[in-house]
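Just below is one structure, and these are the notes that go with it.
For this chain, numbers begin at 1 and follow the sequence in order. Ligands are counted one by one from 1 in listed order, and the atoms in each one are counted from 1 as well.
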Amino acid sequence: MMENIFNFTDELGPAKVIHVFEPSVGLKAVLVVDNVAAGPAIGGVRMATDVTTEECLRLARAMTLKNAAAGLPHGGGKIVLYGDPRMPRGDKERLIRTLAGSLRTAEEYIFAPDMGTDEECMAWIKDEIGRVVGLPRELGGIPLDEIGATGFGLTQVAEVATGYCDFDVPGARLVVQGFGAVGKHAAKFLTDQGAVLVGVADSRGTIEDPDGLDVDRLIELKGFGKSVTDHDAGRSLAPDAVVDIECDIWIPAARPDVIHGGNVDRLNTRLVLEGANIPLTMEAEQSLHARGVLCIPDFIANAGGVICAAMEYRGASESAVFAAIEEKLRRNSEQVLLKTKIDDLTPRKAAAELSIDRVKKTMDLRRWSLFPSAPWSR
Ligand code: NAD
């Protein structure tokens, strides 16, 4: 239970918290517009039956930092929508359309998909009010999971970060936890650069092979609805065994908090790239830092997806999206790693300081620090 919403305000935001309620269709939602000094907020609509305003506040702030880190002209925001995302399609459509209509005038927020919402939901929002990213290809969308925007971004970050770990991507041993949109593309792009995939896990199990696994075959198996453990090479293990496989690069691309105080000592790697959101607890990140294992935080490493979304909003082509991800993520990782080294900080702390500094600079350029005097624009 949240006692006092003002306890959640600090020097950056949130600028607006809007509670939406329409009993006739059972609509209950909260929009948090965190910081919009750089431009209208981009952040997804999360639909679930256990969402809270507090979660929405934290996720909106995470988007402020991620968008600032990526150098996008967008602030951070988020919507939580109460409901079971697997409800009948007609009910879901009515709910989403009502949500969009109820926030028609909240021009400082651009809708995007998150857990429980997809391209189809974004198409309904487009039809109602137009201010949305993550659309189907037929409506000018760039399907970021299909093209592997986040996995491609992780590869760019890997190439910069390995320079700080004294090894190169070609020949590096790679382990990936989670073989969905993020994990499979990270594995594909990195092995194309010469890395060797020695272990991978999905929710059903882990497969390990020190000589290297066939990524195309694994992607094919997943396409047939099978598990990575159905691969006829290597050794099949339990899902959790992916933590123990010795490697140079370990990528969590599944669930939050998978590495924590209780298992961080089992990780035997030199570089962790956080593909998932909050896959490591703060305690685990600190512990890795103390051991000299470089850990690139989520809001730096997995920003490829939101860069793609921001480019889609401006009508960019797919090739321009890949170029922007490469340029922004390489420059940003370089800055973060340099600051980490010079100021002797954890990468997360260095990245947060850089992002907050950027947000404050954009606030200095506003008359009111957050809201613009001119109308909201792209
Ligand atoms: P996804 O649903 O496509 O894939 C998730 C994968 O994780 C699946 O292969 C699933 O089998 C596996 N998995 C689930 N539980 C597991 C377990 N206990 N052990 C091993 N594997 C397990 O999801 P996704 O889009 O790839 O997203 C993965 C994570 O990355 C999420 O935390 C998401 O929020 C984050 N993220 C995604 C994007 C994006 O572009 N899709 C961008 C930024 C962050």
Side-chain angles (χ1 to χ4, degrees), residues 42-48 55 58-59 62-63 65-67 69-70 72 76 78 85 112-119 122 133-134 141-157 175-189 199-208 215 218-219 221-231 236-245 250-260 263 272-280 296-312 321-322 325 329:
I42 288 188
V45 181
R46 178 167 290 194
M47 182 175 186
E55 174 188 9
R58 284 198 294 118
L59 292 167
M63 288 310 298
L65 297 184
K66 188 185 284 195
N67 293 343
L72 296 173
K78 202 86 185 178
D114 191 51
M115 277 166 48
T117 60
D118 58 14
E119 292 171 357
M122 298 306 113
V133 291
I142 302 179
L144 61 93
D145 283 342
E146 193 182 307
I147 68 169
T150 304
F152 177 76
L154 285 164
T155 308
Q156 305 308 310
V157 176
V175 170
V176 180
Q177 182 196 42
F179 208 66
V182 175
K184 74 175 175 204
H185 284 109
K188 176 71 181 146
F189 285 119
V200 63
D202 61 20
S203 57
R204 285 176 272 176
T206 297
I207 183 156
E208 175 196 32
V215 178
L218 289 168
I219 292 174
L221 283 170
K222 291 297 281 185
F224 293 134
K226 298 196 167 175
S227 163
V228 291
T229 54
D230 292 315
H231 193 348
S236 283
L237 304 162
D240 184 52
V242 73
V243 177
D244 303 289
I245 303 172
W250 200 84
I251 298 183
R255 311 278 311 144
D257 296 332
V258 290
I259 302 295
H260 44 79
N263 67 1
V272 176
L273 301 174
E274 297 186 356
N277 289 319
I278 48 167
L280 276 69
I296 311 292
D298 43 13
F299 69 98
I300 301 297
N302 71 24
V306 75
I307 295 172
C308 179
M311 298 286 288
E312 175 190 313
V321 165
F322 282 114
I325 294 173
L329 287 194

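Under the 3.5 Å distance criterion, the side-chain polar atoms of Thr206 are left unmatched by any main-chain donor or acceptor of Ala201. For the pair Thr229 (side chain) and Gly205 (backbone), a donor-acceptor distance under 3.5 Å is absent. For the pair Asn67 (side chain) and Leu72 (backbone), a donor-acceptor distance under 3.5 Å is absent.
Using a 4.0 Å heavy-atom criterion, the residues that approach ligand 1 are Leu144, Asp145, Thr150, Gln177, Gly178, Phe179, Gly180, Ala181, Val182, Ala201, Asp202, Ser203, Ala253, Ala254, Arg255, Gly275, Ala276, Asn277, Asn302.
Atoms CG and OG1, from Asp145 and Thr150 in turn, are 6.5 Å apart once rounded to the nearest 0.5 Å. Put simply, CD on Gln156 and CZ on Phe189 are 9.0 Å apart, with the number rounded to the nearest 0.5 Å.
The environment of Arg255 atom CZ is sparse: at most 12 non-hydrogen atoms of other residues, nucleotides or ligands sit within 6.0 angstrom.
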